[in-house]
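Report on the structure given below.
Predicted, not measured: the structure shown is a model, and the values here were computed from it. Below, chains carry the letters A, B, ... as their sequence lines are ordered, and counting in each starts from 1.
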Protein chains: 2
Amino acid sequence: MRKLTSTNYYNQTFLEEKCTLNELINLLSKRWLTEVMFSIEEGNNRFSTLKEDLKHISDNILADRLKLLEQHKLIIRNDNFREVPSRVEYTLSETGSKLSELLDGLCHFSETEMEFPE
Amino acid sequence: MRKLTSTNYYNQTFLEEKCTLNELINLLSKRWLTEVMFSIEEGNNRFSTLKEDLKHISDNILADRLKLLEQHKLIIRNDNFREVPSRVEYTLSETGSKLSELLDGLCHFSETEMEFPE
DNA sequence: TGTTAAGCTCATTTATATAGGAGCTACTCA
DNA sequence: TGAGTAGCTCCTATATAAATGAGCTTAACA
């Protein structure tokens, strides 16, 4: 239910069309999203273990981020378990692994070169 | 005038303290910020030329992004011109150039590997 | 005396993102 | 019959970000 006639929306799409980097950054800037990726990479592959690992995340945000990551094919969702209570497992895709590597580079940069004023 | 007692604030600082990558991504996700950097890199070094280049940006946002970039030492502000009307020039710092290169990598990735559903 | 220019600042309005909490499903076990 | 579990969804409230528009400064020039 996003308002499609606002300048806010117009400018965002303008920038996303100018360069997909903006689209990627918008995705990455969703709170917890990269942490969810990294946590899956480390082996926390279920909703409940992710929730436990990322202490302060709330259910609906975790669900949303998992959905976003899946839609962008950065993770793979596997629900062929036919168990009750239901069981779903997530793994990183190849694209997800590549992105994770790139982010490691950015992380190193931010730790060694950036200055963040208080 | 940010509210320091909200869960929203608490979670953001939690993530920023966990890894400075989150701090960097938060910065980069401010709308227009990377575009301002790239535009300066391309030689648009004054407030007015930046404004012209980034057609839809508004004054206060441009001013804010320039201030953020300067505070993080990604650009350098030079106002030793003593002219009227006032003249200020911006250039990319070394750190800014490095970041720009890293972002080129991310940009290439997002263009070749990412899928953005409509 | 009034206008113009660049490079801003500030207050307010509007839009969007995040968080909180209830509820749903379908099956199992006590 | 009723409780419990995983993995969600939906609605609402709260917080934050972006945009709009007015105004400020200093000096030169008409």
Side-chain angles (χ1 to χ4, degrees), chain A residues 1-16 22 25-33 35-36 40 44-52 54-70 75 77-90, chain B residues 1-16 22 25-33 35-36 40 44-52 54-70 75 77-90:
Chain A
M1 48 180 72
R2 182 159 186 185
K3 191 170 178 189
L4 304 180
T5 57
S6 62
T7 305
N8 189 317
Y9 176 76
Y10 175 84
N11 282 348
Q12 184 180 330
T13 54
F14 168 80
L15 290 172
E16 289 181 347
N22 286 308
I25 289 176
N26 281 345
L27 179 67
L28 297 177
S29 71
K30 301 277 179 191
R31 191 173 293 171
W32 300 103
L33 190 129
E35 297 297 332
V36 172
I40 290 171
N44 300 301
N45 56 5
R46 299 185 66 176
F47 194 93
S48 44
T49 55
L50 286 165
K51 214 176 124 171
E52 202 179 330
L54 304 172
K55 298 182 186 68
H56 308 292
I57 199 170
S58 54
D59 283 22
N60 63 344
I61 299 287
L62 177 54
D64 178 75
R65 299 310 184 250
L66 287 167
K67 196 172 289 176
L68 278 172
L69 286 167
E70 195 201 353
I75 62 174
R77 180 180 191 277
N78 178 8
D79 62 354
N80 293 332
F81 289 99
R82 305 245 153 249
E83 294 178 15
V84 168
S86 60
R87 175 193 184 86
V88 176
E89 283 187 5
Y90 296 97
Chain B
M1 50 179 73
R2 182 160 186 184
K3 191 171 176 188
L4 303 180
T5 57
S6 62
T7 306
N8 189 318
Y9 176 77
Y10 176 83
N11 282 349
Q12 183 180 330
T13 53
F14 169 79
L15 290 173
E16 289 181 347
N22 286 308
I25 288 176
N26 281 345
L27 179 67
L28 296 177
S29 72
K30 301 278 177 186
R31 193 172 291 171
W32 301 102
L33 189 129
E35 297 297 332
V36 172
I40 290 172
N44 300 300
N45 55 6
R46 299 187 62 178
F47 193 93
S48 46
T49 55
L50 287 165
K51 212 178 128 171
E52 203 179 329
L54 304 172
K55 295 183 187 66
H56 308 293
I57 198 170
S58 55
D59 284 21
N60 65 343
I61 300 287
L62 178 52
D64 178 74
R65 299 312 183 249
L66 287 169
K67 195 172 289 177
L68 278 171
L69 286 167
E70 197 203 350
I75 61 173
R77 182 180 189 275
N78 178 8
D79 63 353
N80 293 333
F81 289 99
R82 307 242 153 248
E83 292 177 19
V84 169
S86 60
R87 175 193 184 86
V88 175
E89 284 187 7
Y90 296 96

Mutual orientation of the aromatic rings belonging to A:Trp32 and B:Phe14 [parallel < 30°, tilted 30-60°, perpendicular > 60°]: tilted
Heavy-atom closest pair, residues B:Asn11 and A:His56: OD1-CB, 3.3 Å
CZ/B:Arg2: more than 12 non-hydrogen atoms of other groups inside 6.0 Å: yes
A:Glu70 versus A:Ile75, closest heavy-atom pair with distance: N-CG1, 3.6 Å
Inter-axis angle, terminal five-pair segments of the helix from C:dT1-D:dA30 to C:dA30-D:dT1 [nearest 10°]: 40°
Positive for side chain to side chain contact (heavy atoms under 4.5 Å, CB included) with B:Leu50, one of B:Asn45, B:Leu66, B:Ile57: B:Leu66
Sequence-aligned protein contact record of nucleotides 11-23 of chain C, with B where the base is within under 4.0 Å of a protein heavy atom and S where only the sugar-phosphate is: B---SSSSBB---
Sidechain-backbone polar pair: A:Arg65 side chain, A:Arg31 backbone, donor-acceptor under 3.5 Å: yes
Side-chain donor-acceptor contact under 3.5 Å, A:Asn44 with A:Glu52: no
Distance in angstrom units between B:Asn45 CG and C:dA6 P, rounded: 14 Å
B:Arg87 (side chain) donor-acceptor with B:Arg46 (main chain) under 3.5 angstrom: no
Length of the CG-C1' vector between B:Asn78 and C:dA6, whole Å: 15 Å
Candidate pair A:Val88 and A:Phe47, rule side-chain contact (heavy atoms from CB on, under 4.5 Å), full reasoning: CA-CA 7 Å; A:Val88 176; A:Phe47 194 93; over 6 Å; no
Closest approach of B:Glu89 to B:Phe81 (non-hydrogen atoms, all atoms of both residues): CD-CZ, 3.7 Å
Sugar-phosphate only, base, or nothing, as touched by A:Tyr10 at under 4.0 Å among non-hydrogen atoms: nothing
Sugar-phosphate only, base, or nothing, as touched by A:Arg77 at under 4.0 Å among non-hydrogen atoms: sugar-phosphate
Sugar-phosphate only, base, or nothing, as touched by A:Lys51 at under 4.0 Å among non-hydrogen atoms: nothing
Touch class at under 4.0 angstrom, heavy-atom based, for B:Phe81 against every strand present: nothing
A:Phe47 vs B:Ser86, nearer the 5' end of DNA chain D by closest nucleotide: A:Phe47
Range on DNA chain D touched by chain A - first to last nucleotide, heavy-atom distance under 4.0 Å: D:dT5 to D:dT20
Within-4.5 Å side-chain heavy-atom neighbours: B:Asn8 and B:Lys3: no
